[in-house]
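Only heavy atoms go into these numbers, but all of them, side chains included; no hydrogens, no water, no symmetry mates. For ligands, and for the atoms within them, numbers begin at 1 and follow the listed sequence. Count residues from 1 along the sequence.
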Amino acid sequence: MKTRIILFTLTLLMSFSFAPVASAQRREVHALWAHPTEAGKSAESVRALVAKCKRANIDVIVMDIKGSNGELYWKSKKFPQAIAKGYENFDMLAHLVREAHAAGIRVDAWLVDNLEGANGAAFREHPEWAQLNPDGETTLSEKLGKTRQYPYVWMCPARRPGYVDQWLVPLFEEIAANYQVDSVHHDYVRFPGDIGPDSYCFCDYCLKNIPRYAMLRYETRPDERYRVGTAQPRIEANWWSDPTMMPAEWDQMDRREKANFLLNGRTIPGGPPDLRHFFYDYRAHQIEILVRQVTEHVKKANPNVQVSAAVFKNPILSGRYLGQHWDQWTDWIDVYMPMTYRSHFAGSFDAYLDHLAEITARQMEWIGHKRPVYAGIASTYLFREEMQPFDEMRDRIADLRGLPPIDTMPSQVGAIVVDPDVERQKAALNTKRADLARAIGAAFETMSKRLSAVAPDREREIRSFVKVNIADNGRAATNESLDRLAKAVNDLRLDLPPGFLPPEKLVRAIEAARKANPDGIAIFAAGSLDREKLWPALETAFKR
Ligand SMILES: [Zn+2]
C-alpha cells in the first residue's frame, strides 16, 4: 500500500514536473493585416469582420489606422484635420477594439509612418518637413515605372523639430493613451526604396547633419586643414591620422554638389570613393531613433501596449537601401512581421516556397531569436502565374486602344497620288494591331480553361468580347468594344469566382513558412482574401 502511494506521488510529481514543458510549447500566432474598407463604417460591419477572423482562427488583427495619404481612421483630438473623410463621426478603432476583444482577438494599430499624400495634412501644413532629393524636389517628382507619377510624399525622419517629433510620435502616443489596443504597428518605417533609394534625404537639415553625424569636420577651427598622414603605405590605412574630410568650399556648394560629395566623395583623399557609407549609416541611425522614440513614448503612455513592425525581408539589404536595419531594433520592437512576400522574389512558386522557409529561419537568426517573428505572406502575389494574363490583357487592350484609328491617315490625295511613307506607316500600324490582337487572344487562352471550369458563363461572355476585338487582326476593335472587354476583365479580377485561384497555394506557402518554426504567421490582407475567395483556405490552414 505504502509503495503504491509513493508510486502514485512519484507519478504525480513527474506529471507536474513535465507539465511546464508541455505548456511551454509555443502556439503559432495568426495575424492578419486589414484595411478600414474591410471594417466598414458601422458597428455591424466591424462585427462581421471580427466574426470572419474568428472563424479563421486569427489571433491578431493588424488594422491600418494611418493610411498612405496621411489620413487617420480614429477620432484624433490632436490632429482632427487629418481624420479620413467619412470617419469624423464613426470611431472605427474604438469599435474594432471592443468587438475584437470580446472575441478574444488582439488589435495592432497599424500606422504608415513616413508617408503622406500630396494632400496629406502634415505636408499641407509643413511642406518644409518633406524629404528632398539633390535637385531639391520631393518624392512627388519621381516616377513609378516609366510614366506613372509617384503619388506620395516621404517626410524627413531626421529633421528636428519636424515630422517625427511634432506629428508621428504624438499620433502613436495618442493611440496608446486613448485606445485599449494591444500593440501599435510600424509600416514604411524607412526611407523610400522603390523610387530613388540613394536620392533621399538631402533636405537642409540632412545636408548639415550627415557630415555632423560622422563628424567629418570639426565645428571648432573649421578652417584649419589637415593633410592625410603617410605613416602607412596604404593611403586609406592613415584614416586615423585626422585628415580634413570636408572640402574647404563646402559652405559655398549648392545642394546638388553637396549631395554628390556625400555620395561619391572620398573619406581619404586618394582613397576609394567610400563617403556614401556615412550616408547609409546616418539614415539607418535616424530610423532607429524614430523607432526608439515611438516605443519610449508609447510605453510611457501605456506600458501594456506593445510595438510591432512590418519590415522588408532582409535587414542587411534594407539597411543599405532603406535605412531599415531592423535587426538592430530588438530593444524597441516586441514583434517583427517581415513582409516576405513573393513579389520580392524572382523565381518560380516552388523556388519561393524554399526561399520563404530559408529566409524566415534567417530572419530569426538575424535578431538572435530575441523577439517573435511572424512570417508575413501576401496572398495576392502567390498567384503570379494565374494573375499574369489579367495584367497582360489590361496592358495590351490599352495599347490597342492607343493606336490611331484605321482610316485617319489618307494615303491618297485626289484619285491618284499615293504617299509611300504613309503607306509604310499604315502597314506598320496594321502589323502592330495584329500583334496586339494576337497577344490579347493568347493571354485570354491561358486563363480561359481555369475560368470555364469555375464560371463557364463569365468565360463565354469574356470570350465573346475578345472575339469581337481580335477579329480581322484587331481591325474590328472599336473604343467601345475595347472598353467593354477591359471592364469585363477588370470586374473579373476584382471579384474572382471561388476556385479560380488554386487555394492550395496559400496553404502550401503557410506550410513552407512553418518549416522555419516562426512564432507566428501574418497574412496580407483581409481585402485580398475577400477578392480571391481564400477565407476557406485560410480557415483550413489555421485550423487548431
Ligand atoms: Zn532630411
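In summary, Glu296 and Arg292 engage in a salt bridge, as defined by a charged side-chain N under 4.0 Å from a carboxylate O.
Under the ring pair (Phe, Tyr, Trp, His ring centres under 6.0 Å) criterion, Phe172 pairs with His186, sequence neighbours left out.
Atom CD of Glu392 has more than 12 heavy atoms from other residues, nucleotides or ligands within 6.0 Å.
Judged by distance alone, the side chains of Thr340 and Gln363 do bring a donor and an acceptor atom under 3.5 Å apart.
Checked by atom type and distance alone, the side chain of Glu257 pairs as donor or acceptor with a backbone atom of Asp254 at under 3.5 Å.
Listing protein N, O or S atoms at distances below 2.8 Å from the Zn ion (ligand 1), with waters left out, gives Cys156 SG, Cys201 SG, Cys203 SG, Cys206 SG.
A cation-pi contact, defined as under 6.0 Å to the ring centre and within 45° of the axis, links Lys313 to Phe345.
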